[in-house]
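This report refers to the structure that appears directly beneath it.
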Amino acid sequence: MATATPNLLQPPNFTCVKSLSESSALTSIPSTYTFTTDPNQLLAFEPQHSIPIIDFSLLTSGDPDQRSRAIQDLDQACLEWGFFMLINHGVPESLMTGMIEACRGFFDLTEEEKREFQGTHVLSPIRCGTSFNARVDQILFWRDFLKVFVHPQFHSPSKPAGFSEVCLEYTQRMRKVAGELLKGISKSLGLEEWYIDKTMNMDSGLQILTVTIHPYAMGMPPHSDHSFLTILIQNGIGGLQVQHKGQWFDVNPIPNSILVNTGDHLEVLSNGKYKSVLHRAVVNNKTTRISLALSNGPSLDTVVEPVPELSHPLKYVGMAYKEYLELQQGNKLDGKTCLDRVRIRTM
Ligand SMILES: O=C(O)CCC(=O)C(=O)O
Ligand SMILES: [Fe+2]
């Protein structure tokens with residue numbers, strides 16, 4: 001008899017929260033869903049400017065002094081927060097808003113049309129669904145998602161019309177931005193500029209676009225992301241919070257900025273120098289919230305382990321990115337617990 005494979009998804013039987021929220025019979029969030037914000041976790045009051053800002057034009061500047069100052073800023077941002085807002089990045093605002101609207105168009109497809117893109121496995125290159133992992137979440141998160149592998153092979157749902165064109169342009173532009181950031185991070189770790197690019201096989205690096213829609217409510221519990229860097233944009237509704245020194249901070253993005261956060265594999269690669277940041281999305285009962293998170297990781301078969309120069313003492317063991325992804329995506333989303341699988345315990 002065949003045994004169940006943990007990373008296979010259940011038969012397609014989910015209902016999108018978007019459809020639920022539009023149903024006239026719905027007067028409150030069904031009890032199978034949850035709000036995950038713990039009201040006891042107080043939000044820190046901190047002027048917005050304390051969230052680091054990185055000027056991309058300085059990071060890519062031909063002037064070595066400007067560039068080295070920007071690299072120092074990047075180092076501080078990764079050390080202190082694991083999170084920053086990127087300004088002067090050169091990605092047209094019209095492309096970002098066009099991409100958000102294309103994603104809204106995807107979620108506006110009928111349930112039947114979306115079913116075609118449900119996927120069968122946590123690593124299916126196109127996959128949409130509800131919650132995080134409806135197979136293992138006892139209580140569902142009030143979110144629908146679309147996950148698409150956009151690199152090294154570009155995949156895209158074939159609907160709605162025009163989606164794949166804007167998605168290709170958006171993800172290619174953001175890939176260039178991520179590449180420059182990883183060059184800067186290599187330098188800030190004291191390595192050659194090309195270090196991450198070459199040793200992590202970024203030419204065939206995996207990029208996953210995760211689009212989340214939260215109609216009227218919230219849906220992402222505290223978690224860290226799996227890749228090196230996540231590039232995030234939203235539809236101006238807010239709701240993202242990051243944890244800094246044990247307290248939660250609201251992120252109110254500077255208009256037209258791109259949000260960037262460090263992921264678990266940057267923590268592993270830097271042997272814990274740059275920690276992945278815990279973040280969550282919280283209640284918004286006013287209007288529909290859309291976020292686009294583009295993760296930038298190594299190629300699937302790359303074993304990520306700490307850079308030797310930074311490994312005294314060694315704090316993490318190496319693991320193939322594919323194996324880590326299957327663990328992270330195939331289980332419950334639970335803070336940074338997935339990193340425990342590769343962390344070396346000290347007595
Ligand atoms: O919705 C957001 O702003 C954050 C989404 C997120 O953290 C993720 O998709 O990993
Ligand atoms: Fe995230």
Side-chain angles (χ1 to χ4, degrees), residues 17-18 35-37 43 51 81-86 96 99-100 103-104 106-107 122 127-134 137 140-150 170-171 174 178 206-244 248-254 257-267 275-297 324-325 327-339:
V17 296
K18 185 167 183 301
F35 297 102
T36 55
T37 311
L43 195 62
I51 290 185
W81 284 80
F83 188 88
F84 54 90
M85 301 190 208
L86 194 66
M96 299 200 282
M99 182 60 191
I100 290 172
C103 292
R104 193 190 295 276
F106 176 82
F107 290 110
V122 293
R127 175 159 82 90
C128 67
T130 196
S131 191
F132 176 70
N133 187 346
D137 298 332
L140 302 175
F141 303 120
W142 186 255
R143 82 185 270 250
D144 292 335
F145 68 84
L146 167 67
K147 292 192 192 198
V148 188
F149 287 19
V150 292
Y170 174 82
T171 53
M174 290 301 188
L206 182 66
Q207 244 189 332
I208 308 177
L209 174 72
T210 302
V211 189
T212 299
I213 187 165
H214 305 135
Y216 307 116
M218 70 80 58
M220 282 300 265
H223 68 281
S224 58
D225 295 344
H226 47 75
S227 71
F228 295 129
L229 286 181
T230 301
I231 288 193
L232 186 73
I233 63 169
Q234 311 161 337
N235 66 331
I237 305 299
L240 178 68
Q241 295 180 342
V242 293
Q243 204 183 67
H244 175 61
W248 288 103
F249 288 78
D250 263 329
V251 178
N252 298 311
I254 297 174
S257 64
I258 294 172
L259 306 177
V260 184
N261 66 265
T262 54
D264 293 347
H265 279 89
L266 193 59
E267 180 165 334
K275 303 272 189 301
S276 59
V277 66
L278 270 180
H279 55 288
R280 65 184 185 187
V282 298
V283 174
N284 148 50
N285 56 11
K286 297 183 203 80
T287 184
T288 298
R289 179 173 186 279
I290 299 180
S291 71
L292 274 66
L294 188 60
S295 65
N296 296 273
Y324 192 90
L325 260 184
L327 283 174
Q328 202 254 11
Q329 300 279 302
N331 287 290
K332 278 196 238 169
L333 195 59
D334 182 15
K336 290 180 63 164
T337 51
C338 197
L339 261 181

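Scope of the values below: all heavy atoms of this structure, side chains included, with no hydrogens, waters or symmetry mates. Order of listing sets the numbers, starting from 1, for every ligand and every atom in it.
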Contact table, ligand 1 N/O with protein N/O, distance under 3.5 Å:
from: ligand 1; atom 1: 1 (O); to: Arg289; atom 2: NH1; distance (Å): 2.9
from: ligand 1; atom 1: 1 (O); to: Ser291; atom 2: OG; distance (Å): 2.8
from: ligand 1; atom 1: 3 (O); to: Gln234; atom 2: NE2; distance (Å): 3.4
from: ligand 1; atom 1: 3 (O); to: Arg289; atom 2: NH2; distance (Å): 2.7
from: ligand 1; atom 1: 7 (O); to: His223; atom 2: NE2; distance (Å): 3.0
from: ligand 1; atom 1: 7 (O); to: His279; atom 2: NE2; distance (Å): 3.0
from: ligand 1; atom 1: 10 (O); to: His223; atom 2: NE2; distance (Å): 3.1
from: ligand 1; atom 1: 10 (O); to: Asp225; atom 2: OD1; distance (Å): 3.2

Name the residue from His223, Gln241, Gln243 that meets the side-chain hydrogen bond (donor to acceptor under 3.5 Å, both in side chains) definition with His279. His223
Distance from Trp81 atom CH2 to Phe249 atom CZ, nearest 0.5 Å? 4.5 Å
Could you pull out all residues at least two apart from Thr230 that satisfy side chain to side chain contact (heavy atoms under 4.5 Å, CB included)? Asp225, Ser227, Asn261, Ala293, Ser295
What distance separates Ile213 CD1 from Ile290 CD1, expressed to the nearest 0.5 Å? 4.5 Å
Is the shortest heavy-atom distance from the side chain of Ile258 to the side chain of Met96 under 4.5 Å? yes
Output for pair (Thr288 OG1, Phe107 CZ), nearest 0.5 Å, gives 11.0 Å
What pairs with Tyr324 under side-chain hydrogen bond (donor to acceptor under 3.5 Å, both in side chains), at least two apart in sequence or on another chain? Asp264
Out of Gln329, Gln328, His226, which residue meets the side chain to side chain contact (heavy atoms under 4.5 Å, CB included) rule with Cys338? Gln328
Would you find a donor on one side and an acceptor on the other, under 3.5 Å apart, between the side chain of Arg289 and the backbone of Gly238? yes
For distances below 2.8 Å, what is the count of protein N, O or S atoms around the Fe ion (ligand 2)? 3
